[in-house]
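One structure is given below, encoded as structure tokens.
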Number of protein chains: 2
Amino acid sequence: MPYGCGVTKTSAERAQPTAEDRLRPAGRATRSAIEAAARTLFAEHGFDGASVRGIAAEAGVDPALVIRHFGSKEALFLRTLDRSLGVGKVIDGPLETVGRRLVAYLIDTDNASIRGRFVAIARGSHLAQVRDEMVRHTAEAYIAPLAPRLDGEDREVRVALVAAQVAGLLNLLFLQEDPVLSTAAPETLVALYGDAIQQLLTP
Amino acid sequence: MPYGCGVTKTSAERAQPTAEDRLRPAGRATRSAIEAAARTLFAEHGFDGASVRGIAAEAGVDPALVIRHFGSKEALFLRTLDRSLGVGKVIDGPLETVGRRLVAYLIDTDNASIRGRFVAIARGSHLAQVRDEMVRHTAEAYIAPLAPRLDGEDREVRVALVAAQVAGLLNLLFLQEDPVLSTAAPETLVALYGDAIQQLLTP
DNA sequence: CCCGCAGAGTCAACGGCGTTGACCCTTGAG
DNA sequence: CTCAAGGGTCAACGCCGTTGACTCTGCGGG
């Protein structure tokens, strides 16, 4: 470790001024314009369907600038990606009703952003880093808060299987747009699938 | 219709001689070489990950020939696609044990082709025709044989939710390669997830 | 004050992609 | 033998993500 330098720096000022902190206003503006355009187009067309040139055009910017600012299309995608589906509050609630509340939250038609976030993630799942994020999300959003609260054996496996059930439901609803599930009454889905989930948590 | 020619053809010979029937042997050979290469590369890298040029190279053939024979990359993908996961026999068995037998069949490590088939389908799910195939497969392979045998209400919805559970399990196992599920004992998965599926069929 | 430097943006180009059109060689029916 | 049509080759098109060389701008330090 050759650096450290013996300089008695009294404090590190802010968290980390490592990068992106000293940007001129113009830089910030175009950066966020690119991010906004990327968020829109990735959610609409997925990773492969959206093009860097298209994002640049939407942001009113040269395609080279997109790469210049974010390094690569994949890095931009990862930065733009919403990691979470926001299930935290639901999962922290009473354990005996997590199943039904989880389904009710996921298929809530008022919360259209769940669809967009899931589609963007699923359509980018061939990227290794996206897969890693999904695994991390399963561990942090489902297993970590839920497994310690369970009784019985195989707690982590049971929670991971709940995550599988969630993924499957969103898959048929939002990716395949299965007509049977799309036209079913929400309360029917909540009751049936919620109980199937619940069985893995409190059998 | 200028042809037909008044020839009193006594029978239509085989089913339909509409096309691809009068092919020279060489044509057949390269066609099937391309199909084999496509099957391999699509299963390995998905639709976007596999390139026409790569498939052509694997088949020892000019890239233009691939398009010439199949029309487009998407058409080749659809023709190459295995529509079915082969769950028919499992589903036709005794209703009371479908859940566990289904999971046991899907995660059977001896049947590696299930993984390849699922990955190819899932990675091509942004194509409208692939989505349609998936919906059709849910209807034909799950709902049609299973729903009439159920008791109670919402039979079709319940079977569609079983399909969702299956999709979710394969998703975490084969796409995300979730470490918790990948390292779990198969019999644990069969018992836990099998029963969660069974609950929707015979509650 | 001006110099220099780094951030911001422009432009042309690279190699790879799916696809097309023009062009040959081969073959088998009339 | 003739000749259309199937099988195959080749160069090229337009799009893609990305790069490198270039200019312009604004600001801190000599």
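Per chain, numbering begins at 1; letters A, B, ... match sequence-line order. If you're wondering where the values come from, they're calculated on a predicted model, not measured in any experiment.
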Ignoring hydrogens and angles, tell me if any N or O in the side chain of B:T80 forms a donor-acceptor pair with the backbone of B:L76 under 3.5 Å.
yes

For A:H45 and D:dG17, give me the distance from atom NE2 to atom C1', rounded to whole Å.
18 Å

B:E35 with B:R39: basic N within carboxylate O range, under 4.0 Å
yes

When all nucleic acid strands are considered with a 4.0 Å heavy-atom cut-off, which category describes B:A75: base, sugar-phosphate, or nothing?
nothing

How are the rings of B:F77 and B:F42 set relative to one another: parallel (under 30°), tilted (30 to 60°) or perpendicular (over 60°)?
perpendicular

Where the side chain of A:Y105 meets the backbone of A:G86, is there a donor-acceptor pair that is under 3.5 Å apart?
yes

Gap between atoms CZ and P, on B:R31 and D:dG7 respectively (whole Å):
9 Å

Could you pull out the protein-nucleic contacts involving nucleotides 23-26 of chain D (nitrogen or oxygen on both sides, under 3.5 Å)?
{"unit_1": "D:dT25", "atom_1": "O2", "unit_2": "A:R24", "atom_2": "NH2", "d": "3.1"}

Using the side-chain contact (heavy atoms from CB on, under 4.5 Å) definition, which of the options B:L95, B:T97, B:L150 pairs with B:T202?
B:L95

Rounded to whole angstrom units, what separation is found between the CD1 atom of A:I55 and the P atom of D:dC16?
11 Å

Going by the rule side chain to side chain contact (heavy atoms under 4.5 Å, CB included), which residues pair with A:V119 if we only count those two or more places apart in sequence or in a different chain?
A:R115, A:R123, A:F174, A:L175

Tell me what A:A56 touches on the nucleic acid: a base, only sugar-phosphate, or nothing, going by heavy atoms under 4.0 Å.
nothing

Rounded to whole Å, the CD-P distance (B:E74 to C:dC17) equals 19 Å

If the sugar-phosphate is the primed atoms plus P, OP1 and OP2 and the base is the rest, what is the B/S/- string for nucleotides 11-16 of chain C, using protein heavy atoms under 4.0 Å?
B-B---

Taking for each residue the nucleotide of DNA chain D bearing the nearest heavy atom, is the 5' side occupied by A:K73 or by B:T30?
B:T30

How close or far is atom P of D:dG14 from atom CD1 of B:I67, stated in whole angstroms?
18 Å

Taking atom types as modelled, is there a side-chain donor on A:T109 or A:N111 under 3.5 Å from an acceptor on the other?
no

Counting distance only, does the side-chain N/O of A:T183 pair as donor-acceptor with the main-chain N or O of A:P179 below 3.5 Å?
yes

Are A:H69 and C:dG7 close enough that a side-chain N or O sits under 4.0 Å from OP1 or OP2?
no

Just by distance, do the side chain of A:R101 and the backbone of A:P94 share a donor-acceptor pair under 3.5 Å?
yes

Spacing between B:R28 atom CZ and D:dG8 atom P, to the nearest angstrom:
13 Å

Starting at atom CD1 of A:I34, determine the distance to atom C1' of C:dA8, rounded to an integer number of angstrom.
11 Å

